[in-house]
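Remember, predicted model here, so these are calculated numbers, not experimental data.
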Amino acid sequence: MSRLDGKVALVSGGAAGLGAAYCRALAAEGARVVVTDVAAEAARAVAGDCGPHASSVALDVVDESAWAAATDHCRRRYGRLDVLVNNAGIVHRTALMETDAASFQRVLEVNAFGTFLGMKAVVPLMREGGGGSIVNVSSTAGVTGFPGIIGYTAGKWAVRGMTKAAAVELAPYGVRVNTIVPGLVETPMTADFAGPGGSLRRKKGSVDEVAPLVVFLASDESAFCTGADFVADGGETAATPAVRSSP
């Protein structure tokens, strides 16, 4: 048997980058994956990669009614939902003094408010099934301070805080909530970032080096894990800037 046989997993922002990698990794371990994204056609393509039991739903994570439709799809098609990967996110790159209020609010809306709505939407269905696993995607920008992306940094810090609060609140219902903290990974979102970031390997990570964390947290192997951060950053948060820049 595969590690996720019988489980149903919904991934937000699953049409590209890390989200698509999470979908494919979950499907490879036997999960029935619901690929969701505002990019509906790309989400359908990823669902096709995930096999005949996968499906896709158009989802704008800041729309509460869209979340209701996505969970209703899970109920009607699969009869359950075991895993949510709250992955959808955007970034706006400007210095603090050049960031307008609307841009800051939009990033927080997608990255933090969207995560909140996702958790709120899936819990009733997970409780009906006796529990589940919520995996919220933060970032090393949610652990340290990053210049030029203040809205993204604020949102990713918020994700970690919400994870811990939700883990405490949902533990009585068998719903686990954890955060993954990727470092700089090669994706379309980071294509315009030329450097290696803070990785001690002096290069960006790959999506396939982060996706196994999601599989682990979706599986029963992580049954004793909740309210925690799981970091895959090539050592970025372990070292000072001086160490990272040394030969």
Side-chain angles (χ1 to χ4, degrees), residues 1-14 16-36 46 49-51 53-54 74 78 80-89 115 118-119 122-123 125-126 129-140 142-143 156 159-168 170-171 173-187 199-201 204-238:
M1 292 181 62
S2 297
R3 298 159 74 191
L4 301 176
D5 279 350
K7 293 188 184 292
V8 177
L10 186 155
V11 181
S12 72
L18 279 167
Y22 301 152
C23 291
R24 295 182 181 110
L26 291 165
E29 289 293 343
R32 300 185 174 199
V33 179
V34 180
V35 184
T36 72
V46 174
D49 295 341
C50 293
H53 299 299
C74 295
Y78 304 105
R80 61 186 298 120
L81 179 62
D82 305 284
V83 179
L84 167 67
V85 183
N86 255 326
N87 168 73
T115 296
M119 290 193 291
V122 304
V123 167
L125 191 50
M126 286 185 174
S133 174
I134 296 174
V135 182
N136 293 328
V137 180
S138 183
S139 163
T140 49
V143 179
K156 292 304 186 180
V159 166
R160 291 179 56 237
M162 287 190 292
T163 293
K164 296 182 185 302
V168 175
L170 300 178
Y173 309 113
V175 177
R176 300 181 293 108
V177 192
N178 291 286
T179 306
I180 64 167
V181 182
L184 186 65
V185 174
E186 192 73 61
T187 68
S199 169
L200 299 181
R201 298 189 312 183
K204 295 177 184 177
S206 74
V207 294
D208 293 332
E209 291 174 311
V210 178
L213 272 184
V214 171
V215 172
F216 168 70
L217 291 172
S219 75
D220 294 337
E221 297 166 10
S222 58
F224 200 50
C225 302
T226 194
D229 297 326
F230 291 80
V231 181
D233 69 351
E236 180 180 325
T237 55

Shortest non-hydrogen contact from A21 toward A211 | O-CB, 4.0 Å

Hey, which of N86, D229, N136, N178 is the one that makes side-chain hydrogen bond (donor to acceptor under 3.5 Å, both in side chains) with T163?
-> N136

Closest heavy-atom pair and its distance - F216, S222 = O-OG, 2.9 Å

With the side chain counted from C-beta on, respond yes when E29 and S219 share a heavy-atom pair under 4.5 Å apart, and no when they do not.
-> no

Please name the pair of heavy atoms, one in L81 and one in C74, separated by the smallest distance, quoted to 0.1 Å.
-> CD1-SG, 4.0 Å

Just by modelled atom types, is the V137 backbone N or O under 3.5 Å from a matching donor or acceptor in the N87 side chain?
-> no

Where is the tightest heavy-atom contact between V210 and A232, given as atom of each residue plus distance?
-> CG2-CB, 4.3 Å

Could you grab the distance from atom CG of D49 to atom CZ of R24, nearest 0.5 Å is fine?
-> 4.5 Å

Just list the side-chain donor-acceptor pairs under 3.5 Å for residues 3-10, sequence neighbours left out, or say none.
{"unit_1": "R3", "atom_1": "NE", "unit_2": "E221", "atom_2": "OE2", "d": "2.9"}
{"unit_1": "R3", "atom_1": "NH2", "unit_2": "E221", "atom_2": "OE1", "d": "2.8"}
{"unit_1": "D5", "atom_1": "OD2", "unit_2": "S2", "atom_2": "N", "d": "3.0"}
{"unit_1": "K7", "atom_1": "NZ", "unit_2": "D220", "atom_2": "OD1", "d": "3.1"}

Correct closest heavy-atom pair for L217 and I180 would be CD1-CG2, 3.6 Å

Does some side-chain heavy atom of V143 sit less than 4.5 Å from a side-chain heavy atom of E236?
-> no

Would you say the side chain of L26 lies within less than 4.5 Å of the side chain of V85, judging by non-hydrogen atoms?
-> yes

Are more than 12 heavy atoms from other residues, nucleotides or ligands located less than 6.0 Å from atom OH of Y173?
-> no

Pair M126-L84, side chain to side chain contact (heavy atoms under 4.5 Å, CB included): steps then yes or no = CA-CA 10 Å; M126 286 185 174; L84 167 67; 4.1 Å; yes

Closest non-hydrogen atom pair between T226 and A167, with its separation | OG1-CB, 3.6 Å

Within the distance-only criterion (no hydrogens, no angle test), does the side chain of Y22 pair as donor or acceptor with the backbone N or O of V207 below 3.5 angstrom?
-> no

Taking the side chain from E209 and the backbone from S206, do they hold a donor-acceptor pair closer than 3.5 Å?
-> yes

Side-chain contact test, heavy atoms from C-beta onward, threshold under 4.5 Å: evaluate it for T140 versus L184 and give yes or no.
-> no

Backbone N/O of G227 and side chain of R176: donor-acceptor pair under 3.5 Å | no

Would you find a donor on one side and an acceptor on the other, under 3.5 Å apart, between the side chain of S138 and the backbone of T179?
-> no

